[in-house]
Asker: 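Take this structure, written in structure tokens, and hold onto it; I'll ask about it next.
Reckoned from all heavy atoms, side chains included, excluding hydrogens, waters and symmetry mates. Atoms within each ligand, like the ligands themselves, are counted from 1 in listed order.
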Amino acid sequence: MKTLSSLLLLLILISCVFSSTLKLLLVTDAHSDPQYYEGADQDDYCRKGKGKAGKYGSTKKCDIPYLTFHSALKFAGTLDPDVVIYLGDMMPHKIEYTESEFQSWFLNTTQTLKNSFPNVKKIFFTLGNNDFFVHDDAPPVSDMMYINAANFWSPWLSTDSYQRVQNGGFYSELIPGTNVRVVSMNSILWFEENEVINSDDVDPWGQLNWLSETLDKSYANNEKVWFMTHLPIGMKDSSDRYWKKRFQKSFLQLVRKYAYSANGEKMITAMFSGHHHMDQFEMVYDQDVYPHTGDEKPLLVNMVISALESRKSKTNPSLRLAEFETESGMLVSYDQWFMDINQANTDRVMDWNLRYSAGELGVYGLDGLGPDQFNDFVKNLKNSNSLAQKYFQNQSEGLVTDNCDQSCIKQTVCLIEYITKDECQKCLDD
Ligand SMILES: *[C@@H]1O[C@H](CO)[C@@H](O)[C@H](O)[C@H]1NC(C)=O
Ligand SMILES: *[C@@H]1O[C@H](CO)[C@@H](O)[C@H](O)[C@H]1NC(C)=O
């Protein structure tokens with residue numbers, strides 16, 4: 001009897017070790033606007049005059065009121081996450097105030113986020129292009145924004161990370177109690193729109209060098225690595241400007257070099273970005289060739305998370321709750337939550353609903369959330385019109401209900417499969 005119960009206990013312990021998971025909340029692009037008011041003119045950022053700005057937000061060129069931001073986080077708190085990742089763009093699109101007002105609003109929104117999750121292990125941040133007072137211009141030299149970001153985020157930063165953020169806005173930290181290192185990069189330093197970085201500056205703030213050293217240490221310590229960036233690696237459409245080519249190239253080289261740990265398991269197990277305001281994903285393969293020969297090995301899936309705001313009809317306000325294994329660092333499932341913005345404004349109540357679940361029994365029929373499964377998913381997208389429609393409509397969490405025609409499907413798939421500009425362009429033009 002005694003042996004049996006010890007055996008049982010052992011079994012339980014073993015299964016705990018192997019199936020231990022944590023809940024990760026992914027939120028991005030809130031753009032909460034302190035000047036938004038209900039009934040303002042929707043053609044004037046919902047900040048002036050008289051018009052039809054809704055109580056909770058608008059699908060025109062407006063950001064969202066603080067009320068929506070605050071309530072969304074309150075709802076997110078009820079999902080009880082263990083870890084929170086915020087992928088940038090706290091601040092509104094239009095700036096009509098001083099730099100010090102800008103900074104105090106940044107502090108307010110950061111503090112609001114903190115207050116919403118008193119029990120989490122850690123909150124991770126990255127800076128978005130709108131989080132710089134001069135939008136898109138992450139400076140290559142010391143700046144108030146870096147100093148303030150370090151101060152505002154300090155409850156979740158080690159001394160080392162604190163100094164790192166002060167000097168360039170990037171850092172890395174382990175998720176407490178796990179072997180998963182979250183590498184928060186300042187992708188705005190590598191943005192094509194950044195006008196203060198000199199074109200001959202080979203490595204602004206030494207971020208590339210730091211990244212390489214960080215990955216090297218992770219490899220030596222047998223850690224799992226997640227990347228978080230505001231800007232997705234690839235393109236949103238053919239006209240869009242993203243990472244400068246040479247930085248994208250160097251980053252991809254590092255991803256390929258450190259894809260696997262010494263024991264052959266995956267080392268880089270996830271990546272998350274915001275900025276597009278849409279629910280998408282991007283594939284990184286072991287090589288960039290157009291067209292694919294079929295021999296490419298999928299290495300990494302970048303999950304592009306849809307926005308908390310509804311500007312320009314990109315998406316219904318949304319957020320994602322994922323579950324990941326602490327041992328492998330792999331995501332095993334996620335729930336996509338959304339609020340129907342038009343319904344909320346009409347009913348004058350905010351109602352959060354489950355849009356879809358991915359993972360084993362989820363809507364896309366994936367039997368896991370690794371690169372191999374997403375690679376199969378891409379193939380299925382090409383072959384199944386109904387799956388392509390689902391993916392297309394879920395990009396906006398149901399806000400855009402148009403049909404995606406053949407050329408729209410083709411474009412959608414090119415953007416997933418080819419992240420380098422030349423290859424993606426060839427695919428789009430073909
Ligand atoms: C942030 O600003 C809002 C709206 O002005 C205010 O209600 C709230 O109390 C502020 N929160 C913090 C943490 O300062
Ligand atoms: C996306 O997810 C929903 C779950 O709400 C799923 O049922 C549906 O097939 C997908 N959306 C659309 C509009 O097809």
Side-chain angles (χ1 to χ4, degrees), residues 25-42 44-51 53-58 60-81 83-128 130-133 135 144-157 162 165 169 274 307-311 317-319 339 341 344-345 348-352:
L25 177 74
L26 293 150
V27 200
T28 190
D29 295 84
H31 296 282
S32 122
D33 185 352
Q35 286 163 297
Y36 183 108
Y37 64 89
E38 185 184 2
D41 184 356
Q42 296 192 96
D44 216 346
Y45 291 87
C46 299
R47 281 178 174 176
K48 290 196 176 91
K50 254 180 117 83
K55 180 172 181 191
Y56 296 111
S58 154
K60 297 276 166 52
K61 221 167 124 187
C62 303
D63 290 318
I64 49 164
Y66 176 80
L67 172 69
T68 307
F69 174 64
H70 185 244
S71 317
L73 294 178
K74 232 164 125 181
F75 164 74
T78 67
L79 301 174
D80 204 20
V83 185
V84 176
I85 282 185
Y86 188 89
L87 292 158
D89 276 5
M90 281 284 194
M91 302 301 282
H93 281 90
K94 191 172 168 67
I95 298 170
E96 287 177 306
Y97 31 77
T98 64
E99 188 158 6
S100 98
E101 286 166 331
F102 181 85
Q103 296 296 352
S104 60
W105 188 241
F106 191 83
L107 174 60
N108 173 302
T109 49
T110 305
Q111 193 62 40
T112 304
L113 195 72
K114 181 187 176 191
N115 296 347
S116 309
F117 306 101
N119 302 319
V120 292
K121 288 175 185 286
K122 220 183 246 293
I123 303 182
F124 292 91
F125 292 91
T126 188
L127 292 167
N130 294 137
D131 295 326
F132 292 92
F133 186 64
H135 286 171
M144 260 325 267
M145 192 58 218
Y146 298 136
I147 311 271
N148 283 334
N151 289 334
F152 299 158
W153 303 345
S154 62
W156 308 281
L157 300 177
Y162 180 81
V165 176
L308 200 66
E309 76 156 14
S310 48
R311 187 175 197 254
S318 52
L319 43 92
M339 174 181 81
I341 186 69
N345 284 334
R348 302 186 64 73
V349 272
M350 252 194 267
D351 198 9
W352 287 88

Asker: Identify each donor-acceptor pair in which a side-chain atom of residues 68-81 lies under 3.5 Å from a protein atom, sequence neighbours left out, and give them as a table.
Answerer:
from	atom 1	to	atom 2	distance (Å)
T68	OG1	Y56	O	2.6
S71	OG	L67	O	2.6
T78	OG1	F75	O	2.5

Asker: For N108 and S104, does a side-chain donor sit closer than 3.5 Å to a side-chain acceptor?
Answerer: no
Asker: Just jot down the salt bridge (Lys or Arg N to Asp or Glu O under 4.0 Å) partners of D131, sequence neighbours excluded, or say none.
Answerer: none
Asker: Can you list every salt bridge (Lys or Arg N to Asp or Glu O under 4.0 Å) pair that touches residues 113-128, not counting sequence neighbours?
Answerer: K122-E173
Asker: Report the relative orientation of the aromatic rings in F132 and Y146; use parallel for angles under 30°, tilted for 30 to 60°, perpendicular for over 60°.
Answerer: perpendicular
Asker: Among R47, K50, R348, which one satisfies salt bridge (Lys or Arg N to Asp or Glu O under 4.0 Å) with E38?
Answerer: R348
Asker: What does the list of residues with a heavy atom under 4.0 Å from ligand 1 look like, ordered by chain and number?
Answerer: Y66, W105, N108, Q111
